[in-house]
Amino acid sequence: MNNKTKAVWMLAAALSLMLAACSSERAAEPSAPTESPKPAETPKPTDSPKPVESKKPTESSGDSSVVPAPPATSVNSEPAKDAKAEKETKDSKAKETKETKTTKDKPNSSEPADKQSQPSSANGAVNDNGKAGASGPKNPAAAVTGGKTKEPPAEGTGDHKALSWYYMKKPKGQVPNFPAETKSFTKDMKALWVGTGKKVYLTIDTGGPLGDIDTLVKSLKDNKVKANFFIAGYNVKKNPDFIRTLVADGHLIANHTMTHTDMNTQTDEQVRKEIEDYAKLYKDVTGKDIQPYFRFPYGRYNTHLLKMVSDMGYTSVFWSTAMRDWEPRKNGAEDPYNDIMNNLHDGNIILMHQGSPENIQALDKIIKAVKKAGYEFALLSDIEPPK
């Protein structure tokens, strides 16, 4: 091998060694980790649809054909206000007495402890029923009758179950339907709610304000109409001249209790006293005996009371036409006019509250329209109930 060949071979060997060394170094380097595939995103759950809100039922106003009795809002009535004033006076006097007593009973620190007076164990006034902690009558009637030791029976039991008068309208000209309990009234539960024939019985209640007396009296007189009045005893006391005028004009005035209180809240003794005191007051004012007709305040009664009132010689009078005239009328005098004319029927006993200004404004128009429809106005003493 000549020197030139030898040199070429050695160069080639060196290059091979260099290449081999480079390959080993590269093999020793860790390979860059491959990026693991990004996990597929779990699809975001779609919002579940909101449940459809059930529509809130509107408060049922009830069958417009059912006409209830006026609410027993005795808390706003005149006797209730009188009772409240009397109660406040009693409370004020009781407070003064208590303060005076406290001053007298206050221990004197200058006296020995054994001579200091002991505080009283009584912690409240005693009411008319003899119970500690109360401070006045439970109802306006108690303020008038003086309160009694006996509590009225619980409502909802037997013949003391509280009832409220109502009727169900029929088409114009037809007699309404009446409460089912009327079918259970016995002969010793004398009651009227409708008459017969082409007669209308206008009954005017004054359990609240007396209203426009002059217009009322004039409308009746101008139209030669006699009406039936149920006037609360406290109104008789307030305006005895009005009562005498009605009697002189030939109207019928009947018993409506002294205080115009829901009689379900009273004892039998209180009820009797309310009715008897009314009869006495009427005799004192007019010199005449009271007519034997009675109306339960607010149309609230029970069959026990119905029998008791009958035993006292009275016939209880309900009605076959009424209206929400204890509230302001939206359309003024047109409302009472339409209420009466749209329910006009044979033997109609109309309940109208004297304290409603719209009633008094509409009265002349109502009377003329009722007469034009072929009806005459009559007194309860002339009524002939259905057989």
Side-chain angles (χ1 to χ4, degrees), residues 66-69 150 152-170 174-203 205 228-230 252-258 260-280 282-283 288-322 345-351 378-387:
V66 178
V67 182
K150 185 181 176 184
E155 290 187 18
T157 56
D159 61 356
H160 287 87
K161 179 181 178 181
L163 301 170
S164 188
W165 186 260
Y166 65 93
Y167 64 90
M168 293 151 284
K169 287 182 182 177
K170 281 188 176 181
Q174 295 184 31
V175 176
N177 285 328
F178 299 99
E181 54 264 20
T182 58
K183 295 175 182 176
S184 66
F185 289 177
T186 56
K187 289 183 179 179
D188 56 357
M189 298 177 190
K190 292 179 291 186
L192 293 171
W193 50 90
V194 69
T196 53
K198 288 294 190 180
K199 289 187 178 181
V200 165
Y201 304 87
L202 178 61
T203 67
D205 282 18
N228 307 272
F229 287 83
F230 290 90
L252 184 152
I253 300 177
N255 202 315
H256 202 31
T257 76
M258 291 298 297
H260 202 260
T261 302
D262 180 352
M263 308 201 90
N264 286 294
T265 65
Q266 296 178 289
T267 65
D268 287 359
E269 191 175 6
Q270 286 176 329
V271 171
R272 283 195 191 91
K273 184 167 176 54
E274 286 242 15
I275 296 172
E276 289 169 353
D277 284 357
Y278 189 99
K280 183 180 181 304
Y282 181 82
K283 182 75 177 278
K288 299 177 181 292
D289 291 329
I290 188 72
Q291 295 278 355
Y293 298 96
F294 175 80
R295 176 164 282 166
F296 285 96
Y298 312 106
R300 296 268 296 164
Y301 70 106
N302 61 57
T303 53
H304 166 76
L305 289 175
L306 190 58
K307 182 181 182 304
M308 193 178 89
V309 170
S310 294
D311 291 343
M312 295 178 71
Y314 290 89
T315 296
S316 295
V317 182
F318 296 101
W319 53 86
S320 58
T321 291
H345 53 266
D346 286 3
N348 197 351
I349 297 180
I350 299 170
L351 165 61
L379 296 177
L380 291 168
S381 52
D382 299 326
I383 199 169
E384 291 183 16
K387 294 180 181 179

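The shown structure was predicted, so the numbers you read here are calculated from the model rather than taken from an experiment.
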Query - Gap between atom NZ of Lys283 and atom CD1 of Ile290 - 0.5 Å precision - result: 11.0 Å
Query - Pairing residues for Thr186 by the side-chain hydrogen bond (donor to acceptor under 3.5 Å, both in side chains) criterion, not counting sequence neighbours - result: Asp188
Requested in this report: For Thr321, enumerate each residue passing the side-chain hydrogen bond (donor to acceptor under 3.5 Å, both in side chains) test, keeping only those at least two apart in sequence or located in another chain.
Outcome: Asn343, Asn348
Requested in this report: Can you run down the side chain to side chain donor-acceptor pair (under 3.5 Å) pairs that involve residues 378-387, sequence neighbours left out, and say none if there aren't any?
Outcome: none
Requested in this report: State, yes or no, whether a side-chain contact exists between Asp268 and Leu305 at a heavy-atom distance under 4.5 Å.
Outcome: yes
Query - Separation of Met263 CE from Met308 CE (nearest 0.5 Å) - result: 6.5 Å
Query - Expected output: side-chain Gln291 to main-chain Ile253 donor-acceptor under 3.5 Å - result: no
Requested in this report: Could you pull out all residues at least two apart from Phe230 that satisfy ring-ring contact (aromatic ring centres under 6.0 Å, His included)?
Outcome: none
Query raised in the report: Would you find a donor on one side and an acceptor on the other, under 3.5 Å apart, between the side chain of Tyr167 and the backbone of Ala322?
Result: yes
**Report entry** Straight-line distance of Ile349 CD1 to Trp319 CH2, nearest 0.5 Å
**Finding:** 10.5 Å
Report task. Given side-chain contact (heavy atoms from CB on, under 4.5 Å), test Phe296 with Thr257 step by step and report yes or no. Result -> CA-CA 8 Å; Phe296 285 96; Thr257 76; over 6 Å; no
**Report entry** Contacts of Tyr278 that satisfy side-chain hydrogen bond (donor to acceptor under 3.5 Å, both in side chains) - sequence neighbours left out
**Finding:** none
Requested in this report: Can you sort out the partners of Phe318 under ring-ring contact (aromatic ring centres under 6.0 Å, His included), two or more places apart, ordered by chain and number?
Outcome: Trp165, Tyr301
Requested in this report: Report the distance from atom OG1 of Thr182 to atom CE of Met189, rounding to the nearest 0.5 Å.
Outcome: 12.0 Å
Query raised in the report: How many angstroms lie between atom CZ of Phe229 and atom CG of Leu252, to the nearest 0.5 angstrom?
Result: 10.0 Å
Report task. Mind listing the closest non-hydrogen atom pair of Leu380 and Asn228 along with its distance? Result -> N-OD1, 2.9 Å
Report summary line: Heavy-atom closest pair (Thr265 atom, Gln270 atom, distance to 0.1 Å) is O-OE1, 4.4 Å
Report summary line: Tightest non-hydrogen contact, residues Leu192 and Ile383, listed as CD1-CG2, 3.6 Å
**Report entry** Note, Asp311 side chain near Lys307 side chain (heavy atom, < 4.5 Å)
**Finding:** yes
Query - All side chain to side chain contact (heavy atoms under 4.5 Å, CB included) counterparts of Asn177, not counting sequence neighbours - result: Met168, Lys170
Query raised in the report: Tell me, do Tyr201 and Val317 make a side-chain contact under 4.5 Å, heavy atoms counted?
Result: no
Report summary line: Hits for side chain to side chain contact (heavy atoms under 4.5 Å, CB included) against Lys198, two or more places apart or cross-chain, chain-then-number order -> Asp346, Tyr375
**Report entry** Gly313 to Pro292 - nearest heavy-atom pair and separation
**Finding:** O-CB, 3.5 Å
Query raised in the report: Hey, does Met258 have a side-chain heavy atom less than 4.5 Å from the side chain of Lys273?
Result: no
**Report entry** Flag, side chain of Ser316 to backbone of Ala191, donor-acceptor distance under 3.5 Å
**Finding:** no
**Report entry** Residue list, ring-ring contact (aromatic ring centres under 6.0 Å, His included) with Tyr314, at least two apart or on another chain
**Finding:** none
Report summary line: Separation between NZ (Lys190) and CZ (Phe294), nearest 0.5 Å, reads 13.0 Å
Report summary line: Applying salt bridge (charged side-chain N to carboxylate O under 4.0 Å, His left out) to Asp159 and not counting sequence neighbours gives none
**Report entry** For Val194, all residues meeting side chain to side chain contact (heavy atoms under 4.5 Å, CB included), sequence neighbours excluded
**Finding:** Val175, Phe178, Ser320, His345, Pro386
Query raised in the report: Mind checking whether His260 and Tyr298 have side chains closer than 4.5 Å, heavy atoms only?
Result: yes
Report task. Go through the steps for Phe185 and Thr303 under the test side-chain contact (heavy atoms from CB on, under 4.5 Å), then give the verdict. Result -> CA-CA 8 Å; Phe185 289 177; Thr303 53; 4.3 Å; yes
Query raised in the report: For Asp205, which residues count as a side-chain hydrogen bond (donor to acceptor under 3.5 Å, both in side chains) partner, sequence neighbours excluded?
Result: Arg295
